[in-house]
Amino acid sequence: MLDIKLIREKPDIVRENIARRHDPEKLELLDRVIETDLKWRELTQRVNELRRRRNVVSSEIGRAMKAGGDASSLRAEAAEIPSKLSELESLMSINQEQLRDGLMRLPNMLHDSVPYGRDDHDNVVVKTWGKKPEFGFIPKGHAELASSLGVADFERGAKAAGSGFYYLRNELALMNHAIQMYAVDFLLKRGYSLIEPPYMIKRSAYEGVTDLADFESVMYKVDGEDLYLIATSEHAMGTMLQDETLLAESLPIKLVGVSPCFRREIGAHGKYTKGLFRVHQFHKVEQFIFSLPEQSWGLHEELQRNCEQLYEGLGLHYRVVNVCTGDIGSIAAKKYDTEVWMADGEFREIGSNSNCTDYQARRLNVKYRLKEGAPPEGFVHTLNNTALASSRTMIAVLEQHQQEDGTISVPKALQPYMGGVKVIDGSLNRLGL
RNA sequence: GCCGGGGUCGCUUAGCCUGGUAGAGCGCCAGCCUGGAAAGCUGGUGUCCGCAAGGACACAAGGGUUCAAAUCCCUUUCCCGGCGCCA
């Protein structure tokens, strides 16, 4: 959420920011917000005046009664106020709701270093690490590799839960855990605090961390309860400190969250959906930071280096793009996507690193104070970056470390977390399925 | 799930029975005092509207009663204690 004062005082800068994002609908929305705000301020003044009158008359009645006098004429005047007031108040609350609703939909202010562009074709590659693997044979996709090794079962996943679900077995199920532990250990060593959050949270908490549209297209709702399955632990960590005022010296608060992630993926038609790439359930290790405003840009780069080192430790060829103005989400001020090389020759997103500045914090109402007992100084900044998403990391490992005989060599960094398994060859499969 | 107690301005708390300006202590900020500090004294301390003067709002959340609600009533929520159920 943007500061309404910024919109009042510098509407042109806000308008220009939205224009850079190529979102004409939001430009109209901005005009409506400005109009609604004007109306709201006018209503506020009228309501305040009426309330003041009520307070004055009421206290006069109180005084008259204490003195044993007659308050009937004052009472007559006072009796007329509530109906007028409630009429105005209901107008104001409708107006206020519209204002907040509009404000919630306006996107964050972009950082100057975000490249101008229309869509994902205009994202700028800022780094490439490693080289395209040389195979000497035609590499296979991960779904085919995993199925023929018997370590993933997509058919039975679909039978049990529908398309987008899967069973992992043996070595790949082990790797799923190994990836998470590898990332967690790495971040614990760098001073992050490990969080296992609630896997479902209520709507009012959720609205602080995400786009309202996500409720329709992304989140699973629990029937009959005010609960939504989290789409990432980012959401549960963001809301963890909702409505709190933090002590400046305790910042930055660096968290590493581990959780399953649940996503409906409505509207994913036509996108790449093979195997484990776009699924309804996966595990993710997530980095999340609450920081002082002046710390956030440095930390954004730190988060990026963390995930890069994790990929490098797995020997994965990747590149980083600076996501352009037309492709960046509404909450982020700047975003790096890390993309990993896949066997069909494409780079695809494996993680995403956002500095949300004070946009998310304002929604969540997370502030900071300079000293114990001092009044709040302002809103904190929030940042989030994938450490490792287990599903997509498994894809990368399977496809980049496949061997000619269809087996997979396990990266050294994962072996200790997999009971020493060096090669995935299906030999743990005792089921015959 | 049932019964009981509770949630007050950063912290501790008064006020609730019996409706009538949300008060105190601590913390924090500023000023005075001081060679400097501490102590002491004075004012301030959250959100919103307003150029300002000033005003409105805020007692877990939302409703209701009333001229007027922290206070009375209802619903929800969280915490504590007891009972029940249970991995």
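Values reported hereafter were calculated over all heavy atoms of this structure, with side chains retained and with hydrogens, waters and symmetry mates removed. So you know, we letter chains A, B, ... as the sequences are listed, proteins then strands, and number each from 1.
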Side chain to side chain contact (heavy atoms under 4.5 Å, CB included) assessment of Phe290(A) paired with Lys254(A): CA-CA 7 Å; Phe290(A) 295 90; Lys254(A) 300 180 178 182; over 6 Å; no

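- A distance of about 12 Å separates the P atoms of C73(B) and G6(B), rounded to the whole Å.
- A cation-pi arrangement, defined by a distance under 6.0 Å to the six-membered ring centre and an angle within 45 degrees of its axis, is absent between Arg20(A) and Tyr116(A).
- Seen from the ring of Phe186(A), Arg190(A) counts as a face-on cation partner, given the 6.0 Å and 45° thresholds.
- Taking the C1' atom of each, A68(B) and C83(B) are spaced 42 Å apart, rounded to whole Å.
- Rounded to whole Å, the P atom of G44(B) lies 11 Å from the corresponding atom of G23(B).
- To the nearest 0.5 Å, atoms CD (Glu97(A)) and CG (Leu99(A)) are separated by 11.0 Å.
- Nucleotides A61(B) and U71(B) place their P atoms 11 Å apart, quoted to the nearest Å.
- The 12-atom threshold is exceeded at CD of Glu244(A), counting heavy atoms of other residues, nucleotides or ligands nearer than 6.0 Å.
- Contact annotation for Arg8(A): backbone-only contact, meaning every heavy-atom pair under 4.0 Å involves sugar-phosphate atoms and none involves a base.
- For the P atom pair drawn from U21(B) and A58(B), the interatomic distance equals 15 Å after rounding to whole Å.
- Comparing the same atom, C1', in U8(B) and in A70(B) gives a spacing of 7 Å after rounding to whole Å.
- Across all their heavy atoms, Ile34(A) and Pro11(A) have their closest contact at CD1-CB, 4.0 Å.
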For RNA chain B, the dot-bracket notation using Watson-Crick and G-U wobble pairs below 3.5 Å, [ ] for pseudoknot-type crossings and | for other-strand pairs, is ((((((((.[[[[.)....(..]]]]((((((.......))))))((((....))))..[[[[[..)....]]]]])))))))....

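- Shown here is Glu42(A), whose CD atom has more than 12 heavy atoms of other residues, nucleotides or ligands within 6.0 Å.
- Read 5' to 3', the first and last nucleotides of RNA chain B with an atom closer than 4.0 Å to a heavy atom of chain A are G10(B) to A68(B).
- Ring to ring, His111(A) and Trp297(A) are close: their centroids are under 6.0 angstrom apart.
- Distance noted for atom P between C80(B) and G31(B): 44 Å (whole Å).
- Atom P of C11(B) sits at a distance of 14 Å from the matching atom of G46(B), rounded to the whole Å.
- Where Arg51(A) and Lys202(A) each meet RNA chain B at their nearest nucleotide, the meeting point lying more 5' is that of Arg51(A).
- Applying the side-chain hydrogen bond (donor to acceptor under 3.5 Å, both in side chains) test between Arg305(A) and each of Glu302(A), Glu308(A), Glu301(A) identifies Glu308(A) as the sole match.
- When each of Ala78(A) and Ser58(A) is assigned the nucleotide of RNA chain B with its nearest heavy atom, Ser58(A) is the one assigned upstream, toward the 5' end.
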